[in-house]
Amino acid sequence: MTEIRDTVILGSGCAGLTAAIYTGRAGLKPLVLEGHEPGGQLSITTLVENFPGWPEGIHGPELIDNMKKQATRFDAAFQLAHLNSVDLGARPIKLQTSVGEIHTRTLIVASGASARWLGLPSEQALIGHGVSSCATCDGFFFRGKDIAVVGGGDSAMEEALFLTRFASKVTVLHRRENFRASKIMLERAIAHPNVELRTNTVVQEVLGVDEKDVHGLKLKDVKTGVECELAVKGLFLGIGHEPNAKMFTGQMDLDEDGYIKTAGNVLTTQNGVVIPGVFACGDVQDRRYRQAITAAGSGCMAALEAEKYLEAVGH
Ligand code: NAP
């Protein structure tokens, strides 16, 4: 007979690992399914300067590694696997995963969010050939080259500043006049001699599909309608993220952009009614704050709710 676990945690970013530390310490022996992007967004970021406790900052991968070690110390188990489908109506909850069927009394969804793309055919054709959504992964390949970053938020500014370590020039292309980025990040980008900010500009096409190598962008000024070309060897996307919750469609309330709707912080619902034993935390349910510390906080809340639920049903 298939073993019934007390807690399965979907996702191994900041929220999932915090939930693993808490449920592990509560003796629930959580199983963490690490998903497509183990470690989540922190594992591909650079210096995290705003996570309390590290006055000089800490690198995202190191922070994640520390959290994983901490969860392992409390008997959390890790499995490199992803979810194919789920039956949230069954008790125990049934998960069909890439490593087989798993049964669990509680499920903590911490599946995070993945990078968003512009959706241009030329962009999609050139992913891995000069188009990337991960500056820390791919920046190294652009040593001494001119590149562009799309976006007007903190991610775009962070990517642009990081890429100046390699690129000779980084042009940030933003579709509006005003930036969404925080003042401090925007000021750093403006002050950097190798960063140029271009507003009211959209990318219409990435050039280089035939050569399988980016050599430029076709741009349009949305105010004047004027089109031009920008010679760059790389394009990085910093335009936000999509929540990884599609697999719950029809079984859980999602908002219009696909984020999990939660009641009482981390309780999931279906048609407004709480789904017992199923909790959501981190970026998959947070469209407002999306910070490492808020993800950790909601991971803690989900774990405490899972514990309370198991106690109430007598486990
Ligand atoms: P974001 O704040 O949602 O910004 C996304 C940017 O991409 C916006 O400027 C948006 O333009 C633009 N955009 C979206 N779709 C686009 C499209 N199809 N074409 C062109 N442009 C598009 O996302 P984020 O920058 O990833 O930040 C998310 C959260 O993480 C924020 O709370 C941020 O503070 C945080 N964060 C913090 C740090 C840090 O403190 N070091 C680093 C990274 C992220 P519009 O402005 O026109 O909507």
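Values in this document were obtained by computation on a predicted structure and should not be read as measured data. Both ligands and their constituent atoms are indexed starting at 1 by order of listing.
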Legend entry - atom 26 (O) of ligand 1 [closest protein heavy-atom partner, distance rounded to 0.1 Å]: S155 OG, 2.5 Å

Between side-chain atoms of residues 201-219 and protein atoms elsewhere (two or more places apart, or another chain), which donor-acceptor pairs fall under 3.5 Å?
from, atom 1, to, atom 2, distance (Å)
T201, OG1, T199, O, 2.8
K212, NZ, A125, O, 3.2

At a 4.0 Å threshold, what atoms of ligand 1 neighbour a non-hydrogen atom of [X]?
X	result
E158	41 (N), 42 (C)
N50	40 (O)
Y289	32 (O)
G153	4 (O), 6 (C), 9 (O), 25 (O)

Pick one of side chain, backbone, both or neither for how [X] approaches ligand 1, counting any non-hydrogen atom pair under 4.0 Å.
X	value
R116	side chain
L118	side chain
H174	side chain
F179	neither

Inset, instruction - Report yes if some N/O of G152 lies less than 3.5 Å from some N/O of ligand 1; otherwise report no. - result: yes

Inset, instruction - Run through the side-chain heavy atoms of Ile, Leu, Val, Met, Phe, Trp and Tyr, join any pair under 4.5 Å, and report what else lands in I93's cluster. - result: V8, L10, L31, L33, L83, V86, L88, L95, I102, L107, V109, M247, F248, M252, L254, I260, I275, V278, V284

Legend entry - Per atom 21 (N) of ligand 1, closest listed option by heavy atom (E159, R290, R175, H241): R175

Inset, instruction - Would you confirm whether S111, through its side chain, and N244, through its main-chain N or O, come within 3.5 Å as a donor-acceptor pair? - result: yes

